[in-house]
There are 2 protein chains.
Amino acid sequence: MDNTDNIILSILKENSRASASEISKQVNLSVPAVTERIRKLELSGVIEKYTVRANPYALGYNLLAFVIVKVDCSVNLEAFQDAIAGLPQVLECHHTAGPGDYLLKVLFRDMQDMENFLSRTLKDIRGVADTNTIICLSTLKEEITV
Amino acid sequence: MDNTDNIILSILKENSRASASEISKQVNLSVPAVTERIRKLELSGVIEKYTVRANPYALGYNLLAFVIVKVDCSVNLEAFQDAIAGLPQVLECHHTAGPGDYLLKVLFRDMQDMENFLSRTLKDIRGVADTNTIICLSTLKEEITV
DNA sequence: CGTGAAAAGAGTTACCT
DNA sequence: AGGTAACTCTTTTCACG
């Protein structure tokens, strides 16, 4: 993971469809050398997957919020986790040490969608004791990784 | 944005390097038809960018935390925002309505790196009045978008 | 929206520095 | 480790049905 690898990674982060020949010009290396480095980045797990960044707004999701969830410790956590992970609106679910037990990042179409999620979807999941919602007014930065 | 578009989008989310011919087989459409749909998804902004998902752990970042930041209202917010956005460790920065003013998603190499970030990097930014850190124990789900 | 052909560009390999 | 060159395969693009 030298400097060249970092440049290659940042090029792919900007455009994962960049060809090896395009990249080779930017890093002053031959095509096979670039191909080999990318292959190693994939094998070592640095490159997890080639993906697409979709715009939630263009898809009708205009509201973003983080939800801090407190869970009743007496309940089976796996059921809670499976239920949460199955909700497509829930982009992220982290087990946390802090004011709550879980932190969710959730997209909503509108306020009503959010209300519905908080007062129905979430409360219907066994184990959810309390929720605390942080509404996002605007997003200044949103990267997948370093 | 019909069902076919959704399938195409989900295929690209799984592998953004999938060729139009590969996709065409999965959606039972011709190659030019798929190409045209993808072009429209790009133009309409649904597809924001083709990117790579890098594994933070493979890059030495083993600690993830969310930091709730309270800002002194009397200070110029732009300076704060620019300073924050310039930090590569800060993956996300949201302006929020809630217990704090900003919510940051930050990667750390280790505990010392986190301590350094909280007690130096952050405190040195003008306007930061108070911080509250939520440490992630584990991550169950982490998607970019719906 | 499908088909088919033509052209361009991709990746791969082997060999050499 | 990296460069060069040739070969092969795939992809994309275009004109037409």
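Basis for what follows: all heavy atoms, side chains included, without hydrogens, waters or symmetry-related copies. Letters A, B, ... are given to chains in the order of the sequence lines, protein chains preceding strands, and every chain is numbered from 1.
- Nucleotides of DNA chain D that come within less than 4.0 Å of any heavy atom of chain A span, from the 5' end to the 3' end, dG2(D) to dT12(D).
- The existence of a salt bridge linking Asp2(A) and Arg37(A) is confirmed by a sub-4.0 Å separation between a basic side-chain nitrogen and an acidic carboxylate oxygen.
- With hydrogens and angles disregarded, a donor-acceptor distance shorter than 3.5 Å links the side chain of Thr51(A) to the backbone of Lys13(B).
- Less than 4.0 Å separates DNA chain C from at least one heavy atom of each of the following residues of residues 14-26 of chain A: Ser19(A), Ala20(A), Ser21(A).
- The two residues Tyr50(B) and Glu42(B) make their nearest non-hydrogen contact at OH-OE2, 2.5 Å.
- With salt bridges taken as basic N to acidic carboxylate O contacts below 4.0 Å, none links Glu115(B) and Arg120(B).
- The closest side-chain donor-acceptor pair between Gln89(A) and Asp113(A) falls under 3.5 angstrom.
- Residue Ile23(A) holds its CD1 atom at 10.0 Å from CG of Leu9(A), rounded to the nearest 0.5 Å.
- Using a cut-off of 4.0 Å between Lys/Arg side-chain N and Asp/Glu carboxylate O, Arg53(A) and Glu142(A) are scored as salt-bridged.
- Checked against the 6.0 Å centroid threshold, Tyr61(A) and Phe108(A) do not count as a close aromatic pair.
- A heavy-atom distance below 4.0 Å to DNA chain C is reached by these residues of residues 31-41 of chain B, ordered by number: Pro32(B), Ala33(B), Arg37(B).
- When each of Lys105(B), Glu143(B), Glu92(B) is tested with Lys105(A) by the rule side chain to side chain contact (heavy atoms under 4.5 Å, CB included), just one qualifies, namely Glu92(B).
- Defined by atom type and a distance below 3.5 Å, a donor-acceptor pair is present between the side-chain atoms of Gln81(B) and Tyr102(B).
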